[in-house]
J.: 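I have a structure here, written as structure tokens, and I will follow up with some questions on it.
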Amino acid sequence: MNINKYPEIHPGKKLFKRVYVAIMLWTVGKAIQVAAKVDKEVKEELAKLPDNFTLRMMVAPEKAFPLFFYAKTLPAFVVDKGLLFYGIQMILHKDKEGKIKYLGADPKGKKIDLNIVFKNIEAAWMVLSFQESTATAYMHDRFVVEGDLVHSLTFVRVLDIVEIFLLPKIIAKLAVKRYPKWAEMSPLRKFVKRVVIYIRAYTF
Amino acid sequence: MLLPGFYDFCCRVRIVSGQNALEKIPAMLKKMKAHTPLVVTDKGVVGAGLVDVVRDAVGKELEIVNVFDNVPVDSDYKIVDEVAKIYRQKNCDSIIAIGGGSVIDTAKGANIVASLGGETLLDYEGFSAVKRKLNPLVVIPTTAGTGSEMTLVAVIADPDRKIKMLFVSYFILPDLAVLDPRMTKTLPDFLTASTAMDAMTHACEAYYCLEKNPLSDSFAMRAIKIISENLLKVVKNPADMEGRLALANASTMAGVAFSNSMVGLVHNLGHTIGAICHVPHGTAMSILLPYGMEYNMHRCGEIIGEILLPLAGPEVYAQTNKKERPEKVVELIRKMNNDLYEATGGRHSRYLNEITDKNGAQVVPESLLPVIAQATMQDGARMANPEECLPADAMLVLEHAWQGKPLDRSKVNKGGTKVKY
Amino acid sequence: MKMHSSYDYEFLNYPKIISGKCSLENIPAELAGYDAQKPLVIVRKSLGKNGALIKKFIRAFADSMVIIGAIYDEVEDYAGISRAREAALLFKDRGCDSLIALGSGAAVDLAKAVNVLVSEKADNFSAYYEEKSISGILKPLIVVPAGLANGREASNNLIIDNREIKSDFLYPDVMVIDHRVAAGCSAADVAESAAIAFAQAFHSFVGNSGNSMVAALAHPALSYLSQYLERGMKKPQNKEASVALVNASVMASIAYANAKPGITNLLAEELARATGISSGIFMGILLPAVIDFLVKDKIKISDEFLLAAGSLDAYAAVAANERGQKGLETAKKLVGVFSRVLPVSLNELKVQKYILAEIARDAAQKSEGFFPAVDCAEILEASWEKTLTK
């Protein structure tokens with residue numbers, strides 16, 4: 001048998017989805033940081049997290065996503081020494097005073113308390129492009145949680161509120177279980193917060 | 001039958017059931033190349049003489065010498081480590097867990113440490129730490145209700161950090177579950193009632209919550225049918241061994257269903273009430289089940305209506321108008337609770353304000369309801385419920401369940417799109 | 001059915017089932033759960049020629065750490081030792097740690113066989129045909145069923161060089177059902193796979209070994225067959241129908257692994273052995289005759305069959321004493337669909353009439369006396385010549 005007839009296959013990359021997911025994670029991180037400052041409900045929810053708490057949302061497997069797409073062409077020691085960091089991630093930190101800060105995408109030197117991991121890029125794509133709501137994605141095992149499950153519930157609730165702020169009703173309805181009625185959240189609050197969060201997330 | 005857009009299903013536990021199921025254990029262990037089991041159990045089980053029942057049943061083929069009977073009601077990782085240590089000291093090669101949820105979880109945890117090496121369970125925290133087949137684990141449930149012989153989760157507390165650690169892996173699943181009515185024979189009537197209603201809740205919630213799938217539906221349907229046909233019979237006649245075996249089967253089927261399809265509001269509220277007021281799990285479940293159905297009725301009424309078929313039989317199902325079926329289901333569950341209340345002489349509670357402890361004091365004071373409602377946000381079961389449930393919504397349900405009046409459905413917040421399974 | 005029998009049993013449903021949208025993308029995570037990241041993929045030749053499908057399959061592994069050791073696409077309708085050795089060599093040469101079977105039928109048999117060779121470090125199967133049993137856990141095996149099935153996809157046996165090996169270690173670890181792979185085989189293949197699934201589910205349900213666990217597995221299989229068979233045969237490209245039918249086939253094959261063999265399956269396997277034609281076609285021919293036989297002898301089947309094969313409302317609308325009969329009628333109607341694309345009589349397949357008696361005898365013997373040879377012969381006789389009812 002000529003075994004060269006059956007070559008080894010290195011499956012490729014999904015560049016567009018990588019870029020999209022990375023941008024969305026960045027936006028979500030920034031938006032939560034701003035929302036925690038300007039909205040009372042988000043602030044109250046996040047107060048349930050312990051102080052000095054680091055939360056990470058990422059796409060698995062970490063090593064499949066070197067920061068630079070050309071990492072493979074670099075000498076091995078650069079990659080091994082950890083001079084590059086890996087992964088499509090979003091890290092949020094709650095400090096001692098209870099302030100929420102978006103810490104970028106590099107987990108190096110940080111102790112992660114809660115890790116929310118999308119099983120693959122396709123799962124992250126479906127959630128972040130609102131084809132699957134957070135609850136549906138959880139039901140479909142699209143992501144797993146490392147750490148205390150209770151805190152991930154808080155995070156999911158915050159995510160829901162922020163999505164209601166940021167997205168037009170027609171899309172937000174796909175992303176959350178129940179879109180709030182007037183009595184639960186007034187359109188004025190929604191609109192003002194939407195403008196404020198967008199401006200501050202993209203400028204600071 | 002509904003085809004969900006996506007689902008996954010796994011229940012790789014071998015099940016042996018029958019009036020003489022215990023006798024088959026030695027042969028099964030031999031097949032798994034195990035000869036020296038460590039029995040893990042608690043004082044209650046030993047006190048009820050159940051370990052002796054097992055010992056007699058396995059006879060001379062398998063000698064049971066190593067018994068650890070110190071599992072407390074709320075087990076923690078220290079107990080797990082202790083069990084693993086004994087396992088190694090005595091050169092055991094398998095575990096037989098005899099008991100309820102706490103014993104089974106302890107055995108699952110101990111099996112991780114004993115099989116993979118190391119000193120403590122803490123080394124194996126995190127969702128992907130267990131990556132290979134563990135040593136043989138046999139589970140003999142003694143309460144027909146929890147279904148934890150079928151779940152791939154072990155919940156084990158860490159008292160130092162005050163958290164509950166979750167160990168999730170397909171490798172944690174037991175290799176063998178043995179269903180034998182001799183193990184539930186001595187269960188008092190009110191416990192038979194509440195554990196069976198616990199299984200009923202697993203099955204019903206598995207049937208209408210978000211992660212429903214064809215296989216969990218099929219198992220849930222059968223569990224509901226068996227419980228509604230047998231429960232009252234067994235409560236009235238505790239010596240009915242065939243009925244007890246049927247209930248044990250129903251509990252396992254419900255376990256298969258809910259471990260693959262998750263549970264919702266009823267468990268969300270039930271867990272929280274259990275944690276704050278120490279209400280037994282089964283009691284909270286049976287009280288809250290009708291309310292959970294009513295709360296979700298506007299989202300998935302049709303699916304709840306389908307439960308009428310296994311619950312009441314085809315004749316009632318055919319006679320009931322399609323629109324009235326979900327309400328009929330709720331009505332029948334309430335009636336079932338009522339019948340059990342009468343059959344057990346009032347020891348099976350119907351409402352939250354009826355629950356009393358040994359001294360007759362009320363267990364759930366009305367003043368605590370707002371605290372419970374807030375705390376429901378901290379329980380994982382809220383994710384799988386079809387309708388969103390915020391503290392205000394939980395409060396609405398709790399108030400009704402406390403007073404014992406049907407839920408006023410006009411007050412439920414609505415506004416979601418159609419549920420997609 | 002007496003209550004006693006339905007709770008006295010032993011049951012194992014080993015494979016994990018993943019079905020639906022983006023299932024293929026879950027494979028890397030499943031492999032990682034077994035600490036594996038370099039699978040050998042074994043593909044049915046007919047699927048392997050479909051470049052677009054293979055491309056889609058590989059695409060599902062993009063952005064993961066998985067490297068595909070090789071795609072071995074030499075499997076035809078038959079799994080033999082020489083192919084198994086070739087693939088095992090490839091497995092070792094590339095340092096693979098797991099197996100994926102893409103496509104149903106022989107590809108799965110071969111993948112199981114390769115798994116035995118590489119995990120047990122064996123060179124042939126002669127010892128396993130005799131007494132030797134498989135000693136322990138094999139390498140992780142993921143099956144992605146598609147195309148013509150043989151009913152052993154999710155089951156605990158394999159057939160290589162026409163001989164069977166059975167062991168609970170042969171259950172695949174994960175079944176992945178995705179419309180990108182499942183949709184698009186020919187109507188005849190759909191019908192043949194469905195005939196096997198129906199025979200397996202039907203006999204798991206009505207056979208006396210039927211316990212409530214097996215029934216719970218066979219129930220959704222029958223449900224999907226009755227809901228989606230027509231649509232799946234008319235439009236094999238239909239995503240929903242193809243996924244549902246593959247689901248049915250997987251569930252039926254697990255249920256059947258836990259049940260006693262059914263008369264249809266025994267006869268069809270004997271016929272297949274004698275003629276070299278695949279057993280699914282024979283099941284399509286035999287099923288109407290088997291059902292007629294049950295009707296004629298007034299053999300009582302479980303009421304729940306009607307519930308599974310019909311809808312809840314249809315079941316409830318029928319009076320209790322007529323449910324068994326009505327169930328058989330529903331079954332008859334359902335299996336009638338096969339005749340649109342499959343042969344309807346043994347005569348049509350040029351099966352010699354004189355071998356029928358021998359086949360009936362062999363099948364009766366295999367059933368350990370459960371089905372008398374007279375019954376087997378009667379069913380074969382009835383299937384030999386039939387007028388077309390297209």
Side-chain angles (χ1 to χ4, degrees), chain B residues 1-21 24 28 31 33 128 130-133 169-171 176 179 181 213-215 217-223 225-226 242 245-246 248-250 252-253 256-257 305-306 308-309 313-319 322, chain C residues 3-4 6-23 26 29 32-35 135-137 168 171 173-174 211-213 215-224 226-228 240-241 243-244 247-248 251 303-304 307-308 311-313 315-320 323:
Chain B
M1 196 169 255
L2 194 107
L3 178 71
F6 178 92
Y7 80 88
D8 52 4
F9 180 91
C10 182
C11 83
R12 31 180 80 139
V13 185
R14 190 188 295 273
I15 304 165
V16 175
S17 153
Q19 302 287 357
N20 295 312
K24 292 181 185 156
M28 301 298 243
K31 250 195 211 164
K33 299 192 180 98
S128 53
V130 183
K131 282 195 175 178
R132 74 171 180 84
K133 178 82 188 68
S169 164
Y170 287 111
F171 297 117
L176 180 65
L179 310 178
N213 66 61
L215 286 161
D217 283 359
S218 172
F219 281 98
M221 278 279 200
R222 283 177 165 72
K225 181 164 181 246
I226 297 171
E242 202 50 51
L245 182 58
N249 264 272
T252 301
M253 287 183 183
V256 174
E306 287 174 6
L308 187 61
L309 182 69
E315 284 73 25
V316 178
Y317 183 86
Q319 282 158 14
K322 196 171 177 184
Chain C
M3 213 177 173
H4 182 76
S6 57
Y7 297 123
D8 209 351
Y9 61 83
E10 199 188 312
F11 172 80
L12 176 64
N13 165 18
Y14 190 81
K16 174 181 184 179
I17 300 175
I18 301 177
S19 156
K21 202 177 171 196
C22 286
S23 307
N26 276 304
Y34 290 94
D35 236 351
S135 60
I137 303 273
D168 281 347
Y171 276 117
D173 295 282
V174 188
N211 63 56
S212 35
M213 293 282 171
L217 265 179
H219 183 134
L222 288 166
S223 248
Y224 284 158
S226 74
Q227 273 171 275
Y228 290 99
E240 204 185 334
V243 168
N247 258 299
M251 293 164 190
D303 283 3
E304 283 179 13
L307 178 60
S311 64
L312 300 189
D313 292 277
Y315 170 76
V318 178
R323 278 184 203 128

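Here is how names work: the chains are called A, B, and so on, in the same order as the sequence lines, proteins then strands, and each is numbered from 1. None of the values given here were measured: they were computed from a predicted structure.
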J.: Hey, does Asp173(C) have a side-chain heavy atom less than 4.5 Å from the side chain of Tyr170(B)?
T.: no
J.: A quick test of your reading: do over 12 heavy atoms of other residues, nucleotides or ligands sit less than 6.0 Å from NZ of Lys322(B)?
T.: no
J.: As an exercise, state the distance from CZ of Phe9(B) to CD1 of Ile18(C), rounded to the nearest 0.5 Å.
T.: 13.0 Å
J.: Given side-chain contact (heavy atoms from CB on, under 4.5 Å), test Tyr7(C) with Ile226(B) step by step and report yes or no.
T.: CA-CA 11 Å; Tyr7(C) 297 123; Ile226(B) 297 171; 3.3 Å; yes
J.: Is the shortest distance from a Lys or Arg side-chain nitrogen in Arg222(B) or Glu304(C) to a carboxylate oxygen in the other one below 4.0 Å?
T.: yes
J.: For Asp35(C), does its backbone N or O pair with a side-chain atom of Arg132(B) as donor and acceptor, under 3.5 Å?
T.: no
J.: Using a strict cut-off of less than 4.0 Å between a Lys/Arg side-chain nitrogen and an Asp/Glu carboxylate oxygen, indicate whether Asp168(C) and Arg14(B) qualify as a salt bridge.
T.: yes
J.: Side chain from CB out, backbone as N, CA, C, O: work out which of these in Ile137(C) comes under 4.5 Å of a heavy atom of chain B, or both, or neither.
T.: side chain
J.: Measuring heavy-atom distances to chain C, does Leu176(B) have an atom under 4.5 Å in its side chain, in its backbone, in both, or in neither?
T.: neither
J.: Measuring heavy-atom distances to chain C, does Leu2(B) have an atom under 4.5 Å in its side chain, in its backbone, in both, or in neither?
T.: backbone
J.: Atom CG of Leu245(B) and atom CG of Asp8(C): how far apart are they, to the nearest 0.5 Å?
T.: 7.5 Å
J.: Do Tyr34(C) and Phe171(B) have their ring centres less than 6.0 Å from each other?
T.: yes
J.: Quick one: what part of Tyr228(C) sits under 4.5 Å from any heavy atom of chain B, side chain, backbone, both or neither?
T.: side chain
J.: What part of Met251(C) gets closer than 4.5 Å to chain B, counting heavy atoms only: side chain, backbone, both or neither?
T.: side chain
J.: Are any non-hydrogen side-chain atoms of Phe6(B) and Val243(C) less than 4.5 angstrom apart?
T.: no
J.: Rounded to the nearest 0.5 Å, what's the gap from CE on Met28(B) to CD on Glu10(C)? Could you check?
T.: 3.5 Å
J.: What distance separates Asp313(C) CG from Tyr317(B) OH, expressed to the nearest 0.5 Å?
T.: 4.0 Å
J.: Taking the side chain as every heavy atom from C-beta outward, state whether Asn247(C) and Met1(B) have any atom pair closer than 4.5 Å.
T.: no
J.: Is Ser17(B) close to Met213(C) at the side-chain level, that is, under 4.5 Å between some pair of heavy atoms?
T.: no
J.: Below 4.5 Å from any heavy atom of chain B, which atoms of Asp303(C) appear? Answer side chain, backbone, both or neither.
T.: neither
J.: In terms of heavy-atom proximity below 4.5 Å to chain B, should Ala32(C) be classed as side chain, backbone, both, or neither?
T.: backbone
J.: Is Asp8(B) close to Lys16(C) at the side-chain level, that is, under 4.5 Å between some pair of heavy atoms?
T.: yes
J.: Using heavy-atom distances under 4.5 Å, tell me whether Val13(B) contacts chain C through its side chain, its backbone, both, or neither.
T.: backbone
J.: So for Leu309(B), is it side chain, backbone, both, or neither that comes closer than 4.5 Å to the heavy atoms of chain C?
T.: side chain
J.: Hey, which of Val316(B), Val16(B), Asn249(B) has the most heavy atom pairs under 4.5 Å with chain C?
T.: Asn249(B)
J.: Tell me, out of Ala21(B), Cys10(B), Pro214(B), Ala318(B), who's got the most heavy-atom pairs with chain C below 4.5 Å.
T.: Pro214(B)
J.: Can you say whether Tyr224(C) sits under 4.5 Å from chain B via the side chain, the backbone, both, or neither, judging by heavy atoms?
T.: side chain
J.: Which atoms form the tightest heavy-atom contact between Leu215(B) and Ala216(C), and what is the distance?
T.: CD2-O, 4.4 Å
J.: Given that the side chain runs from C-beta out, which part of Lys33(B) has a heavy atom under 4.5 Å from chain C: side chain, backbone, both or neither?
T.: side chain
J.: Ignoring hydrogens and angles, tell me if any N or O in the side chain of Ser218(B) forms a donor-acceptor pair with the backbone of Leu217(C) under 3.5 Å.
T.: no
J.: To the nearest 0.5 Å, tell me how far Asn13(C) CG sits from Ile15(B) CD1.
T.: 8.5 Å
